[in-house]
Q: 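Have a look at this one before I ask anything.
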Amino acid sequence: MSKVITPQEQDYSKWYNDIVVEADLADHSAVRGCMVIKPHGYAIWEKMQQALDKMFKDTGHVNAYFPLFIPKSLFEAEEKNAEGFAKECAVVTHYRLKSDPQNKGKLIVDPEARLEEELIVRPTSEAIIWNTYKGWIQSYRDLPLLINQWANVVRWEMRTRLFLRTAEFLWQEGHTAHATKEEALIETKQMLDVYAHFAEKFMAVPVIKGVKTANERFAGADDTYCIEALMQDGKALQAGTSHFLGQNFAKAFDVKFANKEGKLDYVWATSWGVSTRLMGALIMSHSDNHGLVIPPKLAPTQVIIVPIYKGEEGLQKISVYAGELKKRLQEKNISVKFDSRDSLRPGFKFAEHELKGIPVRIGIGERDLENGTLEIARRDTLSKASIKMEEAETYIEKLLEEIQTNLYNKAAERMKNMTTKVDTYQEFKKVLDEKSGFVLAHWDGTSETEEKIKEETKATIRCIPLNNPEERGVCIYSGKPSTQRVLFARAY
RNA sequence: CGGGGUGUAGCGUAGCCCGGUAUCGCGCCACAUUUGGGAUGUGGAGGUCGUCAGUUCGAAUCUGGCCACCCCGACCA
């Protein structure tokens, strides 16, 4: 706790890492590329899960669970998808260990115990799910099938970063089956809207909704929709994706249904997901050099009460006062904790709760007892105010909303300021290097141009924004005609 | 996966070049005094020096393999 966080402007990655570790969100584990999500980090993830899960249920989805392992033959059924993930799959080849005859006390893989068919540790579950759906769907009456699962997946990444990219991560994956293309498309966009709503209303992170280009599309999808967020260092982060899978998986797994006319047709599919990567987005959107900043709607603890006292008697008196306050706040559904730890001084506690991002801190000392007041400190602005004890609930309730709004507004303002329209390649490179952020520019629509720009500048097309205004122009790279601007950025 | 770097108490480090079992700070435990922004004093505990092997009378120190982490590139949510 004594360690101070590396300032953002000194070293942004180090700052990020410090926040994750020092705010007790997660830690590196003994397993390469895998992290331990610590209680404080997991509590935030649970808040995210609760909010998202409710939105999924409200839109008619149900949860289920599918296996971690996918037989190789199933995995390779949808070729494009399989190819897309092949390079990063963990594979189970054996089912037993035995004592090492050469080395007492050690174990070796039993060569006798080779699996007849290798099992792939899921990097995503389309294969096993569509193989299962085949047995569940016969008629249009079985549709739509709207299922989500909360699970872990494994993608063997070369280079990992806590929350942003780890070999194993937690996520939810929705997999739906529909009778018509239109319905599947509506579902795809509906879930994109759910994600955007969640990001903006709960995470206080503004996002751009858009469609991916062919290069960036999910392997096996006809179209990939996404929400893109902008971090404080000007790099983009894909925060969620929703895929229109067409009939690709239905064909690969032979999932047909009888329509009202009795004719057989392949079903239409979608899949959509967000992961613990959202934790990274949350951190890099709001936090500062003092530590984590959590928007009230995702804060496991919204209010922390810190007593400032002299002697045991002093603590007793304040505890009674604080206990009453705590009860009143809890009645308003505000999550609140009383930090009565005896061995730490108030200043230390202030710093610690700041580091952990608790939105509101209430200080109560002798003076407050005498005057019937409370000292309120807000995490987002680091400002303090003194209020009357009587108005505590109404004040705090309003303050939490205000903090939530303020965080969103600040992030939205930043995104606006960091989004630049450019019309020449010179300008494009200059903005990327000197200002960074989102860059709106004309593009000729070809993968070749996209590749070239990526090679030369490391910027990728994050998306073609939805509801993009038509605008005549010429591609900044090739000079060919273009009808709309697309969103470029360097990305995580 | 390629190039570079690092690994010594829970954390951060000195020692390594020039071999002789380890320094300092924070934290931890006990007691006392403290408590409105990271307390102070006194006493105390804590180490197979990342790991495995080699060289040597003797290895934190020299050599090699492995592992992990960090930075840069390729890949990706």
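Below, chains carry the letters A, B, ... as their sequence lines are ordered, and counting in each starts from 1.
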Q: Would you please name every residue forming a side-chain hydrogen bond (donor to acceptor under 3.5 Å, both in side chains) with A/E451, sequence neighbours left out?
A: A/N215
Q: Can you list, by residue number, the residues of residues 363-389 of chain A that have a non-hydrogen atom closer than 4.0 angstrom to RNA chain B?
A: A/G363, A/G365, A/E366, A/R367, A/D368, A/E375, A/K384
Q: For RNA chain B, find the residues of residues 209-237 of chain A with a heavy-atom distance under 4.0 Å and give them by number; none if there aren't any.
A: none
Q: Give me the one residue out of A/I362, A/I318, A/D342, A/D368 that meets side-chain contact (heavy atoms from CB on, under 4.5 Å) with A/P307.
A: A/I318
Q: Would a line drawn from the ring center of A/F428 to the ring center of A/F488 be shorter than 6.0 Å?
A: yes
Q: With sequence neighbours excluded, what pairs up with A/T166 under the side chain to side chain contact (heavy atoms under 4.5 Å, CB included) test?
A: A/M35, A/F169
Q: State whether A/R345 places a side-chain N or O below 4.0 Å from either non-bridging phosphate oxygen (OP1 or OP2) of B/G36.
A: yes
Q: For A/K47, I'd like to know if atom NZ has over 12 heavy atoms of other residues, nucleotides or ligands within 6.0 Å.
A: yes
Q: Are there runs of at least three consecutive Watson-Crick or G-U pairs touching RNA chain B, with each pair's two distances under 3.5 angstrom? Give them by first number.
A: B:1-7 with B:67-73, B:10-12 with B:24-26, B:28-33 with B:39-44, B:50-54 with B:62-66
Q: Looking across every strand, which nucleic acid part, if any, lies under 4.0 Å from A/G33 by heavy atom: base, sugar-phosphate, or nothing?
A: sugar-phosphate
Q: What's the gap between B/G25 and B/G43 when it is taken at their P atoms, as a whole Å value?
A: 13 Å
Q: Return the 5'-most residue of the pair A/D342, A/R462 with respect to RNA chain B, ranking by each residue's nearest nucleotide.
A: A/D342
Q: Suppose you measure atom C1' in B/G15 against the same atom in B/G2; what distance do you get, rounded to whole Å?
A: 33 Å
Q: Quantified in whole Å, what is the P atom distance between nucleotide B/U48 and nucleotide B/U63?
A: 24 Å
Q: Could you tell me how far apart A/E312 (CD) and B/A32 (P) are, to the nearest whole angstrom?
A: 11 Å
Q: Please encode protein proximity along nucleotides 2-10 of chain B as a string of B, S and -, counting only heavy-atom distances under 4.0 Å.
A: ---------
Q: Whole-Å distance between B/U35 P and A/Q316 CD?
A: 18 Å
Q: Are any of the side-chain nitrogens in A/R361 or A/E354 under 4.0 Å away from the carboxylate oxygens of its partner?
A: yes
Q: Work out how far the P atom of B/A9 is from that of B/C75, and round it to whole angstrom.
A: 38 Å
Q: I want to check a possible cation-pi pair here: A/K297 against A/F202, using under 6.0 Å from ring centre and within 45° of the ring axis as the test.
A: yes
Q: If the condition is side-chain hydrogen bond (donor to acceptor under 3.5 Å, both in side chains), which residues does A/H353 pass it with, not counting sequence neighbours?
A: A/D339
Q: For A/G311, answer base if it contacts any base atom (sugar-phosphate contacts may also be present), sugar-phosphate if it contacts only those atoms, and nothing otherwise; contact means non-hydrogen atoms under 4.0 Å.
A: base
Q: Just wondering, do A/E83 and A/E76 contact through their side chains at under 4.5 Å, heavy atoms?
A: no
Q: Need one value for A/E157: base, sugar-phosphate or nothing, where a base atom within 4.0 Å counts as base even if backbone is also close, heavy atoms only.
A: base
Q: Can you give me every donor-acceptor pair (side chain of residues 452-464 of chain A, partner residue at least two apart or in another chain, under 3.5 Å) with its distance?
A:
{"from": "A/E456", "atom 1": "OE1", "to": "A/Y425", "atom 2": "OH", "distance (Å)": "2.8"}
{"from": "A/E456", "atom 1": "OE2", "to": "A/Y477", "atom 2": "OH", "distance (Å)": "2.6"}
{"from": "A/T457", "atom 1": "OG1", "to": "A/I453", "atom 2": "O", "distance (Å)": "2.6"}
{"from": "A/T457", "atom 1": "OG1", "to": "A/A459", "atom 2": "N", "distance (Å)": "3.1"}
{"from": "A/T460", "atom 1": "OG1", "to": "A/R462", "atom 2": "NH1", "distance (Å)": "2.7"}
{"from": "A/R462", "atom 1": "NE", "to": "A/E228", "atom 2": "OE1", "distance (Å)": "3.1"}

Q: Among all residues two or more places apart in sequence or in another chain, which pass the side-chain hydrogen bond (donor to acceptor under 3.5 Å, both in side chains) test with A/D193?
A: A/K209
Q: With under 30° as parallel and over 60° as perpendicular, where do the rings of A/F244 and A/W268 fit, or are they tilted in between?
A: parallel
Q: Quantified in whole Å, what is the C1' atom distance between nucleotide B/U61 and nucleotide B/G27?
A: 28 Å
Q: Across the strands shown, which category fits A/F169 at heavy-atom distances under 4.0 angstrom: base, sugar-phosphate, nothing?
A: base
Q: What integer number of Å spans the P atoms of B/C24 and B/U34?
A: 31 Å
Q: For atom NZ of A/K435, decide whether the heavy atoms of other residues, nucleotides or ligands shown that lie under 6.0 angstrom number more than 12.
A: yes
Q: Quick one: which protein N/O atoms are closer than 3.5 Å to N/O atoms of nucleotides 70-72 of chain B? Pair and distance per line, please.
A:
{"from": "B/C70", "atom 1": "OP1", "to": "A/H28", "atom 2": "NE2", "distance (Å)": "3.3"}
{"from": "B/C72", "atom 1": "OP2", "to": "A/R159", "atom 2": "NH2", "distance (Å)": "2.6"}

Q: Rounded to whole Å, how long is the line connecting atom CG of A/D339 with atom P of B/U35?
A: 18 Å
Q: Go through the structure and list residues passing side-chain hydrogen bond (donor to acceptor under 3.5 Å, both in side chains) with A/W156, not counting sequence neighbours.
A: none
Q: Using atom P in both nucleotides, what's the gap between B/G41 and B/C66 to the nearest angstrom?
A: 49 Å
Q: Does the base of B/G37 carry an N or O that pairs as donor and acceptor with the side chain of A/E354 under 3.5 Å?
A: yes
Q: Considering residues at least two apart in sequence or located in another chain, which fulfil the side chain to side chain contact (heavy atoms under 4.5 Å, CB included) criterion with A/A229?
A: A/V205, A/V207, A/M231
Q: Quote, to the nearest angstrom, the C1' distance that separates B/G47 from B/A53.
A: 22 Å
Q: On the six-membered ring of A/F85, is A/R155 placed so that its NZ or CZ lies under 6.0 angstrom from the centre and within 45° of the ring axis?
A: no
Q: Is there a side-chain contact between A/L192 and A/T188 in this structure, where contact means two heavy atoms from C-beta onward sitting under 4.5 Å apart?
A: no
